[in-house]
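Letters go in sequence order (proteins before strands), and every chain restarts at 1.
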Amino acid sequence: MTSAASHSPSLTAAQRRAVEHVDGAALVLAGPGSGKTRVITQRIARLISIGVPAWQILALTFTNKAAGEMRARVDAAVPKDVQGRRGLVVSTFHTFAATVLRHHAERAGLKPGFVIFDTADQRDCMKRAIADAGMPGRWTPAGALSEVSRLKNALKSPEDAVAAGDFRGRAIARLYEGYQRELAANNAVDFDDLFMMLAAMLRRDESLRREFTERFRYVLVDEYQDTNHAQFVIVRLIAEHGNVMVVGDPDQSIYGWRGADLRNILEFEQAFPGAVVIPLGENFRSTAHIVAAADGLIRHNRRRRHKDLSTSLGDGAMPVVLRCIDEHHEADEVVRRLRDCERTGIAWRGMAVLYRINALSRVLEDALRRDGIPYQVVRGTAFFDRREVKDALAYLRVVANAADAVSLRRIINVPARGLGETSVERLEAAAKARGMPVTEILASAGLIGLTARAAKSAAQFGDLLRRWRELASKAEAAALPDLVAAVLEESGLRTLVTAQTAEEIDGEDRAANLVELENAATDFIQERFAQGDILDASDRARAEALASGEVPPRTALDALRAWLESVALVADADALDPERGAVTLMTLHAAKGLEYPVVAMVGLEEGVLPHARALENPEEAEEERRLCFVGMTRAERTLIMAHSATRLVHGMRNACIESRFLRELPVDHVERVDLAGDAIGSIGFDDGGGPRGRGRRADEGERVFRVGSDDWYGRGGGAGTAGSRGGRQGARAAALRPGLGAGATLAGMAVGTMVRHPIFGIGRVQELLPRAGAPSVRVAFNEAGVKTLVIAYAKLEVLRR
DNA sequence: CCAGTCGCTATTTTT
DNA sequence: TAGCGACTGG
């Protein structure tokens, strides 16, 4: 994350303008590698040095990592004799919003102790909302949630959605309403609520707004291209005075699916009239061919704000486009090249492998492990996604928030306490009827129709919960780890998990994960909680009140809530450890803001990048192109861009088309290496067997078909390639699978596959004809007789066999 | 109530 | 492939 520019002693004229900007609005358009982080931190340091009290400065980022780095660098930049770094708020948007809501819970319409629901919890709530509304089938929880999210990011209530109201809109509004009801019943908010509620509160409550406007005289927003409408409104309300500097790059906007609104940056000057615009186009990171290639790619986007990119570094090597046989070959080849780089003296930590989807990491991990190369996969939430860790957290969340029925449901019978589905439903029904949380009703379970045994068990469990809650509210904050330990012990979770660990022979050490969780609690108390939250630390009056004992010291319950909140807001990128001497593997999204001497991008195929689900409209396709641009511009000197002729997707081997983005690269700045040879696609549908040997080539008795990629590219309706054994399964799955890229349906075919032709109708494949350049099939049609068809041209649709 | 099995489906990215 | 939900038998 260290910018190359940070090592150069002086600022460019443009950078200086940005650093020296004081009052009024400014938009810094910071191209990749333009020294953005440096500009931001130096500007903060400078504001402080010219006498602006640090507590009047608010800097917002999107990840904890970025916030941490910014804090550290401001620290380093502010002269030590200046006392005044105190109270500076550098926070993620999410943490900032959550903290404000916690401080003003009642004003926001929340009960203290509210929790932030993660994606799984959200799905749970939505599932119930769908069931309650009596409309299952039509809606998947994920689909409904993304609609609701869209509305929330645009600050639309269910009523607004109705008003917009066609049939579909009304259905969504109903689910939205039901979903909100579920959240409220659990005393929970989702990620989007953080902003929606904060924006609403700031709008509604003038005194609060004034408090913020007067406190934060200087507002700074990093990665501004990623802000959504709600966040924009928050920034505008706080920065009513107009002293706001936003820094971003529309070409690196990759969070549209999360509601990021490109208009925020494209129309900044309208929102803040008189704003100064400072373009930073000079790239201090990458050598010239890399910059030229990336620039050539991004120019294909229409909706952008062009800025010239330039670099003063030398030409360097051209990006290499690798064409591989399949994902194993691709991984081996990338690893081989990384090894070559290492031999030339580049440390492992200076290398990264980037991919569009997490699923692609596995093959790479295998290849790296086999070669004994150290690597780290950047996935911040991975630890908290483990079953035993989620269970432990669910217990703690119930302690922190008695209304959390979603978490309670998760752990009420883990370990088994004889409280199955039926008992839980009875408990929930009774709780609902009395308007009480389920946890409160456990003690009187005998009165509501549970069997005697279940009632006894429920009462015991209720006792446990009460004890923990009492412990939490009486103990001091430092006792948080003891509380966690007590819960793990007394719930029986530790015993259960230890037993499971012993049973699984080569499974991972689940018990150790629980210990790890306890350590995390200890760390949190010692490192983060001790400093108070972002508003505490900066609010002198409060700090003094705390010191003098006027305000009661915080309890383990407060600590627990704060910890759970921080856990809910970890980002994948937060897991990155740049110090580790290891190759870094991560998604393109996680790679934003980082840089490495050597970068390899894999899976550059239609359907992967651009992703098949992101091709429904041109705007999404442009976002995919930006994603590719972000990946390329992470590279300082060496850039490898690999794609494969076939790839295993959902256990099925598919032929693949080279990504359109590779074709858009300016030919003068790219070197192409075709490792798949003349025999292009190696098609074999027998996959799903054990691990493949390394360096796999098309010589394992598989049929080798040529798939003229020129013919495939951008063409609609072309059907797939042929298969050998196992074709039945392949054909079926391919026919049912949503297309990998518009029109280019890559179906598997075998003798016997049923196909449909737009003119000839339905027929059965009789023979596969692997003719070089024009793989064909002979099909016996029911009506039209036997025809020989070139797969790439005939609009064949593969049917169920 | 629970464990096991079968079959279906697969939003990709993340706070 | 894998994870989840529905179903079944003990």
S.K.: For A:Ser146, report the nucleic acid contact type (base, sugar-phosphate, nothing); a contact means any heavy atom under 4.0 Å.
M.R.: base
S.K.: Can you confirm whether the side chains of A:Asp222 and A:Thr61 place a donor and an acceptor under 3.5 Å from each other?
M.R.: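 Checked: A:Asp222/A:Thr61 side chains show no N/O donor-acceptor pair below 3.5 Å.
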S.K.: Please tabulate, one pair per line, each protein N/O and nucleotide N/O from nucleotides 5-10 of chain C that are separated by under 3.5 Å, including the distance.
M.R.:
residue : atom : partner  : partner atom : Å
C:dG5   : OP1  : A:Lys127 : NZ           : 2.9

S.K.: Where each residue is assigned the nucleotide of DNA chain B containing its nearest heavy atom, which of A:Glu421 and A:Ala144 is assigned the position nearer the 5′ end?
M.R.: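 Residue closer to the 5' terminus by nearest nucleotide: A:Glu421.
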S.K.: Taking the P atom of each, how far is B:dT13 from C:dC4, in whole Å?
M.R.: 15 Å
S.K.: Please say whether the positively charged group of A:Arg626, taken as NZ for Lys or CZ for Arg, lies over the ring of A:Phe629, i.e. under 6.0 angstrom from the six-membered ring centre and within 45 degrees of the axis.
M.R.: no
S.K.: What contact category does A:Arg453 fall into here, base, sugar-phosphate, or nothing, at under 4.0 angstrom with non-hydrogen atoms?
M.R.: nothing
S.K.: Taking the basic N atoms (NZ, or NE/NH1/NH2) and the acidic carboxylate oxygens, is any pair closer than 4.0 Å for A:Arg409 and A:Asp124?
M.R.: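 So A:Arg409 does not pair with A:Asp124 through a salt bridge.
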S.K.: List, with names and distances, any nitrogen or oxygen atoms from the protein found under 3.5 Å away from nitrogen or oxygen atoms belonging to nucleotides 12-15 of chain B.
M.R.:
residue : atom : partner  : partner atom : Å
B:dT12  : OP1  : A:His611 : NE2          : 3.4
B:dT12  : O4'  : A:His611 : NE2          : 3.2
B:dT12  : O2   : A:Arg356 : NH1          : 3.0
B:dT12  : O2   : A:Arg356 : NH2          : 2.3
B:dT13  : OP1  : A:Asn358 : N            : 3.2
B:dT13  : OP1  : A:Asn358 : ND2          : 2.7
B:dT13  : O4'  : A:Arg356 : NH2          : 3.4
B:dT13  : O2   : A:Trp257 : NE1          : 2.8
B:dT13  : O2   : A:Arg356 : NH2          : 2.7
B:dT14  : OP1  : A:Asp572 : OD2          : 3.2
B:dT14  : OP1  : A:Thr587 : OG1          : 3.0
B:dT15  : OP1  : A:Asp572 : N            : 2.9
B:dT15  : OP2  : A:Asp572 : N            : 2.8
B:dT15  : O3'  : A:His94  : NE2          : 3.4
B:dT15  : O4   : A:Thr119 : OG1          : 3.3

S.K.: Is the closest side-chain donor-acceptor distance between A:Gln180 and A:Lys152 under 3.5 Å?
M.R.: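 A:Gln180 vs A:Lys152: donor-acceptor pair found between side chains.
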S.K.: Give a yes/no verdict on a cation-pi contact between A:Arg625 and A:Phe661, requiring under 6.0 Å between NZ or CZ and the six-membered ring centre and an angle within 45° of the axis.
M.R.: no
S.K.: Keeping A:His589 on the side-chain end and A:Ile254 on the backbone end, is there a donor-acceptor pair under 3.5 Å?
M.R.: yes
S.K.: Using atom CG of A:Asp124 as one end and atom P of C:dC4 as the other, report the distance to the nearest whole Å.
M.R.: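 So the CG-P distance, A:Asp124 to C:dC4, works out to 12 Å.
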S.K.: Are the side chain of A:Asn64 and the backbone N or O of A:Leu569 linked by a donor-acceptor pair below 3.5 Å?
M.R.: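 A pair under 3.5 Å: yes.
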S.K.: Check the distance between B:dT11's C1' and A:Leu615's CG and give it to me in whole angstrom.
M.R.: 13 Å
S.K.: Can a donor-acceptor pair be found, under 3.5 Å and without considering hydrogens, that links the side chain of A:Thr99 to the backbone of A:Thr95?
M.R.: yes
